[in-house]
Amino acid sequence: MEDAFHWYPGHMAKAKRAILGDIRLIDVIIELLDSRAPLATQNPDIAALSNGKKRVVVLNKSDLASKDGNVSWVEYYRENGLNAAGVNLKSKEGLRSVRALLSEAAAEKHKRDLKRGIKQKRPVRALVCGIPNVGKSTFINAMAGKNVVKTGNKPGVTKGKQWITVSKEIELLDSPGLLWPKIEDKKTALYLALIGSMNDEAINTDILIEKLTELMKERYPEILEEKYGAEKEEGVGEILIKAAVRYNMLKKGGEPDLKRAADNMLDDFRSGRLGRITLEFP
Ligand code: G4P
């Protein structure tokens, strides 16, 4: 995982040049987002960078996000004129829908080619892109299956861009396009930090836990009740004490260890052990 925190202008300019170069080679951009926070994990510049190329939005890590959240995000992107599909790359759920969207793109391309007098069916070429940690490498590996390309300096193997054959209709560039997170407001920074896409020290754990608990009180009170025995009227402080007791994280003398409990709660959220939690809704 690249360190999302060190995005200085030089890095951004380099990433931008790299992605612009790749975009020239492809027909379709596969934009990977995190289902728990799609807007926070989306770089808004992609619309301009894509330069009219077809975009397919893939909402990954659907296993960590709530089912109703997943449905509403796919609808949101479709209503905004983009092709979208939710996937869980851990179980490979949803990959078939992505393949179907790419096949559609291939058919459209063939039609365009025919109009230009090109009869031969050529595969669509796609680039996977996204900010760090959204699952780009996992996606490429899952799509590649056994067709992983052999790169390297072997004689006869050309250096440079390598294409993975996904099917007769689809080819994927083997290295993803790295986009930089665009942190324009506090909410975006908070969501990126919560899902672990920003350096841990960027926002204090106490603040992360406070915001996560507030959000859960509003959207997922049943999880707080089930996991920690939290009651409706209880505040963040009281809930954290209950969490420490449930986790059996007590200091000498029996006092709840709130720091350890907060770290543990954050880990449980990130790994999905806390439940399926969507942070932002359309
Ligand atoms: P990147 O190239 O965009 O930076 O992301 P990468 O594929 O490295 O994936 C980042 C992390 O997200 C990995 O976990 C990966 O396993 C996990 N991941 C990818 N897709 C999914 C998904 O659909 N669901 C869940 N729950 N996790 C997913 P890691 O902790 O870095 O490594 P590991 O746990 O696989 O060892």
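Everything numeric in this text was worked out from a predicted model, so none of it was measured. Atoms within each ligand, like the ligands themselves, are counted from 1 in listed order.
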Using heavy-atom distances only, which candidate in Lys136, Lys61, Arg36, Lys90 approaches atom 34 (O) of ligand 1 most closely?
Lys90

Kindly indicate whether the side chain of Trp73, heavy atoms from C-beta on, has any atom under 4.5 Å from the side chain of Thr278.
yes

Might you point out which heavy atoms bring Asn133 and Lys61 nearest each other, and give the distance in Å?
O-NZ, 2.9 Å

Can you name the atoms of ligand 1, numbered from 1 with element, that are less than 4.0 Å from a heavy atom of Ser137?
2 (O), 7 (O)

Number the atoms of ligand 1 from 1 as they appear, then name those within less than 4.0 Å of a heavy atom of Leu89, with their elements.
20 (N), 22 (C), 23 (O)

Could you tell me which atoms of ligand 1, counted from 1 in the order shown, lie closer than 4.0 angstrom to a heavy atom of Leu64?
26 (N)

If you apply the rule side-chain contact (heavy atoms from CB on, under 4.5 Å), what do you find for Arg36 with Leu194, and how did you get there?
CA-CA 10 Å; Arg36 292 167 294 176; Leu194 274 173; over 6 Å; no

May I ask which of Asn88, Val134, Thr138, Leu179 has a heavy atom nearer to atom 19 (C) of ligand 1 than the others do?
Thr138

Ligand 1 atoms in contact with Asn60 (distance to a heavy atom under 4.0 Å):
19 (C), 20 (N), 21 (C), 22 (C), 23 (O)

Assigning hydrophobic clusters by single linkage (Ile, Leu, Val, Met, Phe, Trp, Tyr; side-chain heavy-atom cutoff under 4.5 Å), is Leu127 placed with Leu25?
yes

Mind checking whether Asp113 and Gln120 have side chains closer than 4.5 Å, heavy atoms only?
no

Do any nitrogen or oxygen atoms of Gly135 lie less than 3.5 angstrom from nitrogen or oxygen atoms of ligand 1?
yes

Atoms of ligand 1, numbered as shown, that sit under 4.0 Å from any heavy atom of Asp63:
22 (C), 23 (O), 24 (N), 25 (C), 26 (N)

Output field: ring centroids Tyr228/Tyr247 closer than 6.0 Å:
yes

Looking only at non-hydrogen atoms, which of Ile195, Leu178, Asn133 approaches atom 4 (O) of ligand 1 most closely?
Asn133

Please determine whether residues Leu33 and Leu190 belong to a single hydrophobic cluster, defined as Ile, Leu, Val, Met, Phe, Trp and Tyr linked transitively by side-chain heavy-atom distances below 4.5 Å.
no

Should Val87 be counted as touching ligand 1, given the test is an N or O pair under 3.5 Å?
no

With hydrophobic residues grouped by side-chain heavy-atom distances under 4.5 Å, do Leu59 and Ile277 end up in a single group?
no

With backbone taken as N, CA, C and O and side chain as the heavy atoms from C-beta onward, which portion of Leu32 lies under 4.0 Å from ligand 1: side chain, backbone, both, or neither?
neither

